[in-house]
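Worksheet: one structure, shown below.
FYI, the numbering just counts along the sequence from 1.
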Amino acid sequence: QVQFVESGGGLVQSGGSLRLSCAASGSIFSIYALGWYRQAPGKQRELVAVITTGGITNYLDSVKGRFTISRDNAENMVYLQMNSLKPEDTAVYYCNAVPIVHVHIWGQGTQVTVSP
């Protein structure tokens, strides 16, 4: 059972940009706020951006002004535009509901690597 599919990661140099995409099931998309989480090796997973069903957004302080979360209601897609990337942004990025609902299945994530 697949509920979230992330894509768009890659290797970029510091200052570069990436756009991540997340396909979510229609039932999840229409009911829950959605967020982008990231987890770097040896570090706790953290929530970096949230968008509600009504389109209200919130961001981790360290990414404000650099990342933009958006959603396409018609296509059940959530995006994360990441600009001015820094090495500390290196992590595996996941999308999921906010807050986490444990019956939801995590996707495989997409790797973002930012070189100095």
Side-chain angles (χ1 to χ4, degrees):
Q1 185 180 29
V2 177
Q3 295 176 297
F4 303 99
V5 180
E6 302 93 346
S7 62
L11 173 63
V12 298
Q13 291 185 292
S14 182
S17 297
L18 286 171
R19 190 191 193 206
L20 307 184
S21 299
C22 172
S25 68
S27 59
I28 293 172
F29 194 91
S30 64
I31 296 172
Y32 296 94
L34 295 170
W36 284 95
Y37 300 80
R38 68 185 181 190
Q39 187 166 28
K43 298 182 68 177
Q44 187 71 30
R45 181 184 63 225
E46 62 183 351
L47 179 64
V48 300
V50 181
I51 186 165
T52 70
T53 56
I56 299 171
T57 60
N58 280 292
Y59 300 92
L60 186 68
D61 283 346
S62 63
V63 309
K64 285 181 179 177
R66 300 189 298 119
F67 290 10
T68 302
I69 188 170
S70 60
R71 63 193 294 161
D72 184 330
N73 293 330
E75 299 293 333
N76 294 341
M77 296 289 293
V78 182
Y79 305 98
L80 186 67
Q81 178 65 47
M82 304 186 295
N83 299 324
S84 301
L85 283 162
K86 305 175 180 180
E88 60 245 48
D89 297 318
T90 295
V92 178
Y93 284 71
Y94 303 88
C95 59
N96 210 318
V98 180
I100 294 296
V101 178
H102 289 288
V103 294
H104 295 163
I105 301 171
W106 290 92
Q108 68 179 39
T110 186
Q111 176 71 50
V112 172
T113 303
V114 185
S115 62

Side-chain heavy atoms under 4.5 angstrom apart, residues restricted to Ile, Leu, Val, Met, Phe, Trp, Tyr: same cluster for Val103 and Tyr32?
-> yes

In short, Leu80 meets Ala49 closest at the heavy-atom pair CD1-CB, 4.0 Å

In Å, rounded to the nearest 0.5 Å, how long is the span from CG of Asn96 to CD1 of Ile28?
-> 7.5 Å

Linking I/L/V/M/F/W/Y whenever their side-chain heavy atoms sit closer than 4.5 Å, directly or via other members, would Ile69 and Leu60 fall into one cluster?
-> yes

Cluster check Tyr94, Val63: I/L/V/M/F/W/Y, side chain < 4.5 angstrom = no

Atom pair OH/SG of Tyr79 and Cys95 - distance to nearest 0.5 Å | 11.5 Å

OG on Ser14 to CG on Leu85, rounded to 0.5 Å = 8.0 Å

Nearest 0.5 Å please: distance from the CG atom of Asn76 over to the OG atom of Ser27.
-> 9.0 Å

Roughly how far, to the nearest 0.5 Å, is the CZ atom of Arg38 from the CD atom of Glu46?
-> 4.5 Å

Between atom OG of Ser7 and atom OH of Tyr93, what is the distance when rounded to the nearest 0.5 Å?
-> 15.0 Å

Single hit among Ile100, Val98, Asn58 for side chain to side chain contact (heavy atoms under 4.5 Å, CB included) with Leu47 | Val98

Same apolar cluster: Val101 and Ile51, side chain cutoff 4.5 Å = yes

Thr53 to Phe29 - nearest heavy-atom pair and separation | CG2-O, 4.2 Å

Run the side chain to side chain contact (heavy atoms under 4.5 Å, CB included) check on Gln81 and Ser70 step by step: do they pass?
-> CA-CA 8 Å; Gln81 178 65 47; Ser70 60; over 6 Å; no

Find out whether Gln111 and Thr90 are in side-chain contact, i.e. whether some heavy atom of one side chain is under 4.5 Å from a heavy atom of the other.
-> yes

Are Tyr37 and Val114 connected, step by step, through hydrophobic side chains (Ile, Leu, Val, Met, Phe, Trp, Tyr) whose heavy atoms are closer than 4.5 Å?
-> no

Could you tell me whether a side-chain N or O of Gln39 sits under 3.5 Å from a main-chain N or O of Val92, the two making a donor and an acceptor?
-> no

Output yes when Lys64 and Asp61 qualify as a salt bridge under the 4.0 Å nitrogen-oxygen rule, no when they do not.
-> yes

